[in-house]
Amino acid sequence: MKLVLAPMEGVVDFKMRELLTDLGGFDLCVTEFIRVVDLTFPRRVFTRYCPELLNGGFTRAGTPVRIQLLGQVPHALAANARKAVKLGSHGVDLNFGCPAKTVNKSRGGAVLLKEPEQIYQIIKAVREAVPAEHEVSAKIRLGFDDDANSTEIVDAVEQAGASSLAIHARTKRDGYKPPAYWEKIPPLLSRLSIPVVANGEIWQVKDAMRCQEQSQCQDLMLGRGALATPDLAAKIKAHVTDTPYTPLNWENVVHHILHSSMHQDENMSEKYFSARTKQWLSYLKRQYAGAHVLFDEIKTLKSKGDVIKVLEKYAISPDLDSNHNSKILLK
Ligand SMILES: Cc1cc2nc3c(=O)[nH]c(=O)nc-3n(C[C@H](O)[C@H](O)[C@H](O)COP(=O)(O)O)c2cc1C
């Protein structure tokens, strides 16, 4: 089983990838999308989205990172893809699932699901531009308004030469509304010979097991679930390998937040710092009662120092907490 950390624009940046992969369990991360119109970006754009390029394309924990591109012009995507792998990205991922209006208006993201032929042209151009030893993966939804042309979409992905495919098991119209239709993946799998990664609504270990069973995919991609439970990937891997693992408790999670580079960054503005903390807590609230208490305590605070004081009050290092064996970092 492989676990992929989902791309999440504005949420899963370099610092979040560092923290989540430090906790173990992930085999690959995909960056937030870089939107390509017609230019080939300079190096600094790639390193801004993916600072891991300066570390051989790996997070601090050694997890490979893949740059995601979004756009509609095959030759422009191809040129940027070639550059991304040259700079050290572990393959390239192509986004055909983003529902954002601004992106869709310029024929990028999910709107391309209506045009399998264009998906084919994009992947083919990128595949031809990127040396064969690098994966070219695609990320799709089941369709735009409905899943009527999902078979055409996946056929286009495979025939164009993609190395693997991640399927967010919802349409663009479904947005992020539960459920995810994992059971719609097997009929698509039967048409494909490339590996498929199932994605959507995996919040707990038991969801991962159900998703594997219903989608018939070994490999899974975790998005919001990994923000709500930062050691979800490690828990899933421990479960499938039958390895003892003590999950992080709330106090350990707060410790990790406090000591993450997200919170240790001296240059981060006060406003950004408290916005990011509140954003993450809104995901954590789903799994930890303590996150509600902490959120209420910091919600009106603006100063970084004040937020840190509250975090310090709740944080307990897993190393000091005999209940947690933080040394188990499952790969
Ligand atoms: C805030 C947010 C940002 C996202 N950004 C991206 C993105 O940049 N590229 C992409 O392919 N998908 C993006 N997605 C979709 C996720 O990668 C994932 O497919 C989706 O959240 C479903 O998985 P989940 O239920 O595990 O969260 C985003 C989702 C959210 C909620």
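Remember, it's 1-based here, ligands and their atoms both numbered in the order they're listed. The residues of the chain are indexed from 1 along the displayed sequence. The structure displayed is predicted, hence computed values, not measured ones.
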| note | For residues 168-182, the salt bridge (charged side-chain N to carboxylate O under 4.0 Å, His left out) pairs (sequence neighbours left out) are D145-R173, R170-E201

| request: Give the residue, atom name and distance (to 0.1 Å) of the protein heavy atom nearest atom 8 (O) of ligand 1. | output: F33 CD2, 3.1 Å

| salt bridge (Lys or Arg N to Asp or Glu O under 4.0 Å) against R82, all qualifying residues, sequence neighbours excluded | none

| request: Determine, for D13 against R276, whether the closest basic-nitrogen to carboxylate-oxygen distance falls under 4.0 angstrom. | output: yes

| task | May I ask you to decide if the ring planes of F46 and F41 are parallel, tilted or perpendicular, using 30° and 60° as cut-offs? | result | perpendicular

| query | Going through the distances and angles, do S137 and D93 end up as a side-chain hydrogen bond (donor to acceptor under 3.5 Å, both in side chains)? | reply | CA-CA 5 Å; S137 53; D93 188 64; 2.7 Å; yes

| Which protein non-hydrogen atom lies closest to atom 15 (C) of ligand 1, naming both residue and atom, and how far is it? | K139 NZ, 3.6 Å

| Top protein contact for atom 17 (O) of ligand 1, by heavy-atom distance | P7 O, 2.7 Å

| Donor-acceptor contact below 3.5 Å, side chain D147 vs main chain L142 | no

| Is the closest N or O pair between T31 and ligand 1 shorter than 3.5 Å? | no

| message | Polar contacts were defined as any N/O atom of the residue lying under 3.5 Å from an N/O atom of the ligand; does this apply to E201 and ligand 1? | response | yes

| message | Under a 3.5 Å threshold, yes or no: a donor from one side chain and an acceptor from the other, between Q204 and T229? | response | no

| note | So the atoms of ligand 1 within less than 4.0 Å of a heavy atom of G200 turn out to be 23 (O), 25 (O)

| Counting both backbone and side chain atoms, is some N or O of Y283 under 3.5 Å from an N or O of ligand 1? | no

| request: Go through the steps for S164 and E135 under the test side-chain hydrogen bond (donor to acceptor under 3.5 Å, both in side chains), then give the verdict. | output: CA-CA 8 Å; S164 65; E135 281 205 19; 3.3 Å; yes

| message | Determine whether the aromatic ring centres of residues H255 and Y314 are separated by less than 6.0 angstrom. | response | no

| said: Using a 4.0 Å cut-off to any heavy atom of V11, which atoms of ligand 1 qualify? | reply: 1 (C)

| request: Among all protein heavy atoms, pick the one closest to atom 11 (O) of ligand 1 and tell me residue, atom and distance. | output: Q68 NE2, 2.8 Å

| Relative to ligand 1, is R170 under 4.0 angstrom through side chain, backbone, both or neither, heavy atoms considered? | side chain

| field | Expected output: side-chain Q118 to main-chain Q72 donor-acceptor under 3.5 Å | value | yes

| Taking only heavy atoms of R224, which atoms of ligand 1 are found under 4.0 Å from at least one of them? | 21 (O), 24 (P), 25 (O), 26 (O), 27 (O), 31 (C)

| query | Would you call K313 and E297 a salt bridge, using N to O less than 4.0 angstrom? | reply | yes

| Within reach of ligand 1, part of M8 (heavy-atom separation under 4.0 Å) | both

| Nearest protein heavy atom with distance in Å, relative to atom 21 (O) of ligand 1 | Y176 CE2, 3.6 Å

| remark: Among L220, N199, L222, the residue with a heavy atom nearest to atom 19 (O) of ligand 1 is N199

| said: Could you identify the single nearest non-hydrogen protein atom to atom 3 (C) of ligand 1 and state the distance to 0.1 Å? | reply: E9 N, 3.2 Å

| note | A student checking ligand 1 against A6 at a 4.0 Å heavy-atom cut-off should list atoms 17 (O)

| query | N/O of G223 under 3.5 Å from N/O of ligand 1, yes or no? | reply | yes

